[in-house]
Protein chains: 2
Amino acid sequence: MRAFQNEDRASLRPDHPSPLYHQLYALVKRKIEGGDLRQGALIPAEKDLAQFFGVSRITVKRALDDLESEGYLSRHRGRGTHVTYKYEPKVLRAPLDSMLDSLAVMGRETQVKLIDFARVAPPPYVVDGLRLLPDQWVDRALRVRSSDGLPFAHYTSWTVPIGPGLTQEALQSSSRLDLFRRLGVHLKDVDQVISAIAADTTLAQRLVVRAGDPLLQVTRISSDQRGRPIDYLVGVYRPDRFQYHMKLSASDVLVRGKR
Amino acid sequence: MRAFQNEDRASLRPDHPSPLYHQLYALVKRKIEGGDLRQGALIPAEKDLAQFFGVSRITVKRALDDLESEGYLSRHRGRGTHVTYKYEPKVLRAPLDSMLDSLAVMGRETQVKLIDFARVAPPPYVVDGLRLLPDQWVDRALRVRSSDGLPFAHYTSWTVPIGPGLTQEALQSSSRLDLFRRLGVHLKDVDQVISAIAADTTLAQRLVVRAGDPLLQVTRISSDQRGRPIDYLVGVYRPDRFQYHMKLSASDVLVRGKR
DNA sequence: CACTATTTGTCCGTATGTATG
DNA sequence: TCATACATACGGACAAATAGT
């Protein structure tokens with residue numbers, strides 16, 4: 001019973017609209033996916049779990065049965081319930097302090113698919129972010145990045161018109177960063193905000209997750225040499241396949257933390 | 001009915017374990033809190049909503065009644081249902097390249113509450129991260145940080161025993177960073193991973209969100225002068241109240257992006 | 001081999017919650 | 001508001017598989 005702490009007890013709430021068996025299911029699943037319960041680990045007996053969480057054995061059984069049917073557990077009479085899910089955090093990790101959607105950073109093993117490219121009227125927050133005039137149009141690109149054929153990132157980018165170089169054909173064969181460079185646009189300032197959102201049905205479909213699943217979101221506004229914002233990028237990432245990673249050494253911690 | 005798109009239709013799933021009235025309740029609440037439905041806006045009639053979402057009128061009524069009782073809506077016979085919730089987005093933004101849980105960075109307007117402090121056997125991923133011996137115990141602290149009385153961050157930290165200075169009393173009066181400093185522990189390297197997770201029931205309760213809501217997660221392993229990891233911190237943040245923010249200038253983009 | 005304790009599988013009856021028309 | 005159907009949750013009882021003595 002060591003894997004289940006006292007704090008887990010309080011997290012099962014009978015008055016909550018979500019059914020008890022599903023709350024317990026989610027709790028155990030998270031412990032498995034998070035690495036608290038690893039392959040081969042023995043789950044306490046239904047009787048013990050029921051007593052510990054103050055629910056009936058049927059409720060525990062339903063939760064564990066659901067996890068078994070999804071391949072997380074294996075259950076046998078007399079033998080008990082064991083974890084079969086193999087925990088291995090296999091995520092791409094990008095250094096945070098660099099241009100994240102460049103192939104050089106990502107490595108060569110990822111592919112980008114252009115979903116849509118069109119000149120559109122930008123939404124209000126893009127108008128604000130890029131400091132556009134009321135009726136100015138921009139080029140919007142929707143892209144999905146995959147690794148080993150599995151999508152892990154969705155980009156929506158709005159770019160102010162910067163000459164004839166940024167076309168659908170060019171985007172399909174080159175990275176945006178390369179295109180910028182070729183067009184003589186050198187990014188000087190990058191303003192970046194990191195947050196989390198729930199997947200809507202569109203994003204869920206494109207990233208092959210369920211609607212409502214948590215996603216990592218990075219909003220980035222890039223400006224050129226003269227400080228004019230030219231690109232507004234919203235990147236959305238599957239947290240199980242992609243995470244941001246950064247190392248800080250002493251000088252960074254002290255100097256950069258001082259401001 | 002303009003506020004409710006076709007996408008929303010599919011997000012109500014009868015086969016999902018959570019009851020329909022609660023799924024609808026959550027959907028409308030998110031639209032209100034997200035600013036899609038603002039103060040004064042008229043919600044479509046129960047009959048229309050029921051038809052649109054393919055559920056019974058009673059289900060719609062239950063969802064709207066719950067929102068009314070929480071102060072999001074006002075409902076009157078003959079007048080319809082109107083939004084009373086006042087939308088104002090106010091998020092704290094912390095620079096990413098600094099020690100995020102120090103008061104100096106956060107500003108003085110936040111308060112930390114110590115929920116629990118105990119010497120425990122660490123979970124496997126902490127054993128790995130801190131390179132601990134199999135039976136070594138560590139000090140675990142659970143804390144919640146609030147701004148204006150509203151919680152926005154939850155920290156779980158595991159610290160290797162570093163002398164008698166790290167006690168419950170000390171933690172309640174000083175920041176962990178100050179304590180480290182006083183104990184002669186100088187953090188040299190910080191290894192940081194940013195991701196997103198769904199709130200479990202415990203986190204949901206402590207951060208006053210719903211279970212399943214997306215949260216920003218930062219995992220940080222800090223090491224001392226000799227490169228020995230001494231602290232494993234998992235910070236979880238409400239994305240509507242806290243976001244990471246960073247500015248990169250040209251030299252950063254070029255030099256730091258090169259590695 | 002039997003015997004026993006443990007653990008999961010299956011079934012019953014009942015009460016409450018959810019959702020429909 | 002009512003009747004109906006189904007899902008959830010409980011306590012209890014017994015059967016079947018497994019592991020150890």
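The structure displayed is predicted, hence computed values, not measured ones. First the proteins, then the strands, lettered A, B, ... as listed; each starts at 1.
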**Request:** Answer yes or no: is there an ion pair linking Arg206(A) with Asp116(A), defined by an N-O contact shorter than 4.0 Å?
**Result:**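 No, no charged N to carboxylate O under 4.0 Å.
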
**Message:** Does dA9(D) have OP1 or OP2 under 4.0 Å away from a side-chain N or O of Tyr21(A)?
**Reply:**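 Checking dA9(D) against Tyr21(A), no side-chain N or O comes under 4.0 Å of OP1 or OP2.
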
**Message:** Under 4.0 Å from OP1 or OP2 of dG9(C): is there any side-chain N or O of Arg75(A) that close?
**Reply:**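 It does, given that an N or O in the side chain of Arg75(A) lies less than 4.0 Å from OP1 or OP2 of dG9(C).
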
Rounded to the Å, how far apart are [X] [atom1] and [N] [atom2]?
X        : N       : atom1 : atom2 : result
Lys47(A) : dG12(D) : NZ    : C1'   : 14 Å
Arg77(A) : dC14(D) : CZ    : P     : 17 Å
His22(B) : dT8(D)  : NE2   : C1'   : 16 Å
Tyr25(A) : dT8(D)  : OH    : C1'   : 17 Å
Asp66(A) : dA9(D)  : CG    : P     : 11 Å
Gln51(B) : dT20(C) : CD    : P     : 14 Å
Leu24(A) : dA9(D)  : CG    : P     : 10 Å
Asp15(A) : dG17(C) : CG    : P     : 12 Å

**Request:** Decide yes or no, distance alone: a donor-acceptor N/O pair under 3.5 angstrom between the base of dG21(C) and the side-chain of Arg57(B).
**Result:**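 No pair found.
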
**Request:** Determine the contact category for Ile58(A): base if any of its heavy atoms lies under 4.0 Å from a base atom, sugar-phosphate if only primed atoms, P, OP1 or OP2 are that close, otherwise nothing.
**Result:**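 Contact class for Ile58(A): base.
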
**Asked** Just checking Lys61(A): base, sugar-phosphate only, or nothing, at a heavy-atom cut-off of under 4.0 Å?
**Response**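 Base, at least one base heavy atom under 4.0 Å.
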
**Message:** Pick the closest DNA chain C nucleotide for Pro17(A) and for Thr81(A) by heavy atoms, then say which residue is nearer the 5' end.
**Reply:**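 Whichever sits nearer the 5' end wins; that is Thr81(A).
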
**Prompt:** Parallel under 30°, tilted from 30 to 60°, perpendicular over 60°: which one fits the rings of His22(A) and Tyr25(A)?
**Reply:**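 His22(A) vs Tyr25(A) ring planes: parallel.
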
**Message:** Which label fits Tyr232(A) and Tyr125(A): parallel for a plane angle under 30°, tilted from 30 to 60°, or perpendicular past 60°?
**Reply:**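 Tilted, since the angle between the ring planes falls between 30° and 60°.
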
**Asked** Among the nucleotides dA19(C), dT8(C), dA9(D), which one has an atom lying closest to any side-chain atom of Ala45(A)?
**Response**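 That would be dT8(C).
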
**Prompt:** What nucleotide, of dC10(D), dT8(C), dT20(C), holds the atom closest to the side chain of Leu20(A)?
**Reply:**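 The answer is dC10(D).
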
**Asked** Is there a donor-acceptor contact under 3.5 Å from the side chain of Arg241(B) to the main chain of Pro151(B)?
**Response**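 A pair under 3.5 Å: yes.
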
**Request:** Measure the CG-CG distance between Leu207(A) and Asp213(A) for me, rounded to the nearest 0.5 Å.
**Result:**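 Rounded to the nearest 0.5 Å, the CG-CG separation comes to 10.0 Å.
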
**Prompt:** Which comes earlier along DNA chain D counting from the 5' end, the contact point of Thr59(A) or that of His76(A), where each point is its nearest nucleotide?
**Reply:**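 Of the two residues, Thr59(A) wins.
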
